[in-house]
Amino acid sequence: MIEKLEIPEPCETVQGWGSDVAAAMLRTIGVKYVALNPGASYRGLHDSLVNFLGNRNPQMLLCLHEDHVVSIAHGYAKASDEMMACVLHSNVGLFHGLMGIYNAWCDRMPMLVIGATGPVATEKRRPWIDWIHTSKDQASVLRNFSKWDDEPRSVSGIVNSFLRGAQIARAQPSAPVYICLDAGLQEEKLDEPIEIPSIERFIPAQSPSPSLIQIKRVVELLLKAENPVILMGRASRDQFGWDQRIRLAEALGASVLTSIRERSAFPTNHPLHAAPPFFWLNPKAKEVLAGSDCILSLDWPDLSGTLEQTFANNSDFTGNIIQVSMDHQLHNGWSMDYFSLCAVDIPISSGVNEFVDSLLPALEKQIGPKKLWDGSSRNSLPKIGYSDSIDQEISPRDIEVALSNVRSNHLFSLAHVTIGWVGDAYQFYDPLDFLGHDGGAGLAAGPGITVGAALALKDTNRIVVSVLGDGDFIQGATALWTAAHYHLPALFIVSNNRSNFNDEIHQETVAKSRNRPVKNRWIGQRIDEPTVNIAQLAKAQGVDAEGPITSIASLEAALQRGITAVQEGRPYLIDVHVKPGYLSAPLSRGR
């Protein structure tokens, strides 16, 4: 148990109320944890979780804001590929949690969001408060970025709703689902217990595999190619899938590119990993794509946008493109998270693991004993070193170098990085080394995602580490209280440039396009005078912290102290003052 406080014994073992059925269904579908910020709209469910289930399987995690309720569930899924539940109070709690739900939607992460409303029956409502907390079709506010929703109207309907919701959320492509529970239905007394079926007959279907005809065509194109490139996109956490992707790249002798936006999908120190992982294409990645005559995209988001960064027009790429993805199943007319439409030669609706498992035997049969790869390296890993100005100030990339230097034999799981992460100094060796970005680029998610990852990995030998921007941390700082309260070990590193610096770049771009002074770009952007005391913010949540760190020697020593704290089971924060700027700048519209 992560909770150090006394765990209550269930006072009843037989369902007595509607909310007991909802609580029992959470246990039935295998939810281990429920994150929440309390609210009267689900007071019945709250009671059932504590007094009917004894706060075990699932166990509640108290959060101080609905942002963190959702982002913790998001981080848990990123680290485990498992669905966690989060509860949002009425319409007001749902509004707070919407950004986190959108992040998880864009990140294609499974999540069970439980909402509440009402009582729907007007005669049961208290004056004023129950009226402003009751909505018709509450799910309408998130239907465009959730996979499915329901509002059961009977206690028996709760059973079906949770079974279906769990099945849909977990099926690929994964995404959040929403179940809204009427407050009156939760507090309805049962005449008799409701039968709950076994979950074994309600598991999600396996992702489809490609057809034999498709595999034959793919093999033909790949073997005909002289310079194939594999874009490793969304990938699972399992080690077998990781090993199969390595086997595929080596069988083809294909160059591999990976993204910092997605979880680690291929070892970045492998000889075939041809460029550092990126947010936006770095010069080496552009060179690799420009020289390719066949691209195999394994669920790579924004394939068209990636090509646009290399070629003036997508049509300028004259090679063949194979796109393996099931993502089209989630596309709708509201969100643009499906990106620009890309012309491909062979579109394949398949899970990535299922595709690779089907392709490898056919490919290796055609290759036979000969080798398409001579073992030579295309990986131009740079010499790991600090910036030239390290004696005067720390640059953002210096944090990457310092983490690489102190890593040693520790198993780090990097839960989050800043938008300025360069990616060339810190390598990913296994599928849990990096958990990806936050999906929808919504600030305040990083701290909660880190806490969720720490929850998922708490019984492993991995050290959860996160590098956060100061704006992201300040907005999500109270997520650390949950880490402190439940003794969830994680190392939070704040790359603190005292600015909303990405927006400074945008203001500079606009100023240049209008022939106006660039020197004013900082106005309305800088987080300074006074400087926010980030270490004190963390300490106020019960987390040990230090900083601001301003020298590299102090940073490496602080990292060692942070690692020790996490190994002892405690969260720890380090505030690092870095100079504003990007070594690899984000794209900006215009000049």
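All figures in this text were calculated on a predicted structure; none of them were measured in a lab. We use all heavy atoms of the structure for the numbers below, so side chains are in, but hydrogens, waters and symmetry mates are not.
Within a 6.0 Å sphere centred on CD1 of I132, other residues, nucleotides and ligands contribute more than 12 heavy atoms. Heavy atoms from other residues, nucleotides or ligands lying under 6.0 Å from CD of E364 number more than 12. Atom CZ of R43 has 12 or fewer neighbouring heavy atoms from other residues, nucleotides or ligands inside a 6.0 Å radius. Atom CZ of R27 sits in a crowded spot, with more than 12 heavy atoms from other residues, nucleotides or ligands closer than 6.0 Å. Heavy-atom contacts from other residues, nucleotides or ligands closer than 6.0 Å to CZ of R143 number more than 12. Heavy-atom neighbours of E568 CD from other residues, nucleotides or ligands within 6.0 Å: above the threshold of 12.
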Output, in order, the C-alpha distance, side-chain angles, deciding distance and verdict of side-chain hydrogen bond (donor to acceptor under 3.5 Å, both in side chains) for D150 and N160. CA-CA 10 Å; D150 194 24; N160 184 275; over 6 Å; no
Worksheet item: Would N353 and S236 satisfy side-chain hydrogen bond (donor to acceptor under 3.5 Å, both in side chains), going step by step from the backbone distance to the final call?
Response: CA-CA 8 Å; N353 281 5; S236 65; 3.2 Å; yes
| message | Determine whether L142 and D149 satisfy the following criterion, side chain to side chain contact (heavy atoms under 4.5 Å, CB included), listing intermediate values before the conclusion. | response | CA-CA 9 Å; L142 76 156; D149 63 81; 5.9 Å; no
Next item on the list: Begin with the C-alpha distance, continue with both residues' side-chain angles, and end with the deciding distance and a verdict on side chain to side chain contact (heavy atoms under 4.5 Å, CB included) for L112 and L26.
Entry: CA-CA 10 Å; L112 175 59; L26 285 170; 3.7 Å; yes
What do the steps show when you test D327 against S325 for side-chain hydrogen bond (donor to acceptor under 3.5 Å, both in side chains), and what is the final call? CA-CA 5 Å; D327 201 59; S325 180; 5.2 Å; no
*Please test L94 against I101 for side chain to side chain contact (heavy atoms under 4.5 Å, CB included), starting from the C-alpha separation and ending with a verdict.*
CA-CA 9 Å; L94 178 59; I101 296 170; 4.1 Å; yes
Quiz item: Does the pair R164 and Q167 meet the rule for a side-chain hydrogen bond (donor to acceptor under 3.5 Å, both in side chains), with working shown?
Solution: CA-CA 5 Å; R164 188 184 296 272; Q167 188 182 75; 5.7 Å; no
**OP:** Begin with the C-alpha distance, continue with both residues' side-chain angles, and end with the deciding distance and a verdict on salt bridge (Lys or Arg N to Asp or Glu O under 4.0 Å) for R234 and D299.
**Re:** CA-CA 5 Å; R234 300 184 179 106; D299 203 11; 3.4 Å; yes
**Report entry** salt bridge (Lys or Arg N to Asp or Glu O under 4.0 Å) between D81 and R170, worked out
**Finding:** CA-CA 9 Å; D81 277 336; R170 287 167 168 157; over 6 Å; no
>> Using the rule given for side chain to side chain contact (heavy atoms under 4.5 Å, CB included), can you reason through L185 versus V155, listing the C-alpha separation, both sets of side-chain angles and the distance that settles it, and then say yes or no?
In response: CA-CA 7 Å; L185 185 62; V155 176; 3.7 Å; yes
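Side-chain contact between M232 and E262: absent, with no pair of heavy atoms (C-beta onward) separated by less than 4.5 Å. In this structure, L341 and S304 have side chains that are not in contact, with every pair of non-hydrogen atoms separated by 4.5 Å or more. Between L330 and Y338 there is no side-chain heavy-atom pair separated by less than 4.5 Å. At least one side-chain heavy atom of I196 sits less than 4.5 Å from a side-chain heavy atom of Q15. P208 places a side-chain heavy atom less than 4.5 Å from the side chain of M326. Side chains of F428 and T258 form no contact here, defined as non-hydrogen atoms less than 4.5 Å apart. Residues L64 and H485 form no side-chain contact, since every pair of their non-hydrogen atoms from C-beta on lies 4.5 Å or further apart. When side chains are defined from C-beta on, Y42 counts as touching L36, because their heavy atoms get closer than 4.5 Å.
If you take SG on C342 and CD1 on I295, they are separated by 8.0 Å, rounding to the nearest 0.5 Å. Put simply, CG on L298 and CD1 on I348 are 9.5 Å apart, with the number rounded to the nearest 0.5 Å. In this structure, CG in L414 is found 8.0 Å from CD1 in I260, a value given to the nearest 0.5 Å. Rounding to the nearest 0.5 angstrom, the gap separating the CD atom in E151 from the SG atom in C180 is 4.0 Å. Atoms CG and OG, from L435 and S413 in turn, are 5.5 Å apart once rounded to the nearest 0.5 Å. Rounded to the nearest 0.5 Å, atoms CD1 (I29) and CE (M25) are 6.0 Å apart.
Between the side chain of T117 and the backbone N or O of S135, at least one donor-acceptor pair lies under 3.5 Å. Looking only at distances, a side-chain donor or acceptor of D20 sits under 3.5 Å from a matching main-chain atom of W17. The main-chain N or O of G469 is never found under 3.5 Å from a side-chain atom of T418 such that the two would form a donor-acceptor pair. Checking side-chain atoms of S41 against main-chain N and O of S90 turns up a donor-acceptor pair under 3.5 Å. In this structure a side-chain-to-backbone donor-acceptor pair under 3.5 Å is missing from D438 to A445. At distances below 3.5 Å, not a single donor-acceptor pair connects side-chain atoms of K78 with backbone N or O atoms of A453. Judged by distance alone, the side chain of S146 and the main-chain N or O of A175 form no donor-acceptor pair under 3.5 Å. Remark: side-chain polar atoms of R261 are paired, donor with acceptor, to backbone N or O of F279 under 3.5 angstrom. Listed for the R245 side chain is a donor-acceptor partner under 3.5 Å among the backbone atoms of A265. R125 contributes a side-chain N or O that, together with a main-chain N or O of V120, makes up a donor-acceptor pair within less than 3.5 Å.
Nearest heavy-atom pair across Y178 and A139 is CD2-CB, 3.7 Å. Residues H437 and D107 approach most closely at O-OD2, 3.7 Å, considering heavy atoms. Taking each heavy atom of L468 and F473 in turn, the nearest pair found is CD1-CD1, 4.1 Å. Taking all atoms of both residues into account, the shortest heavy-atom contact from K32 to Y76 is CD-OH, 3.8 Å. Between G44 and S19, the shortest heavy-atom distance links the atoms O-OG, 2.9 Å. The minimum heavy-atom distance linking M111 with C86 is given by the pair SD-SG, 3.8 Å.
Aromatic ring centres of W334 and F145: separated by under 6.0 Å. Remark: aromatic rings of H133 and H89 are close, center separation under 6.0 Å.
The only option from L248, I321, V256 that meets the side chain to side chain contact (heavy atoms under 4.5 Å, CB included) definition with L296 turns out to be L248. For the side chain to side chain contact (heavy atoms under 4.5 Å, CB included) criterion with P152, the lone passing option out of V21, L181, D182, V159 is L181.
Classified by interplanar angle (parallel below 30°, tilted 30° to 60°, perpendicular above 60°), the ring pair H331/H328 is perpendicular. Ring geometry for F266 versus W242: interplanar angle of 30 to 60°, hence tilted. The aromatic rings of H65 and H96 sit perpendicular to each other, their planes meeting at more than 60°, with 30° as the lower class boundary.
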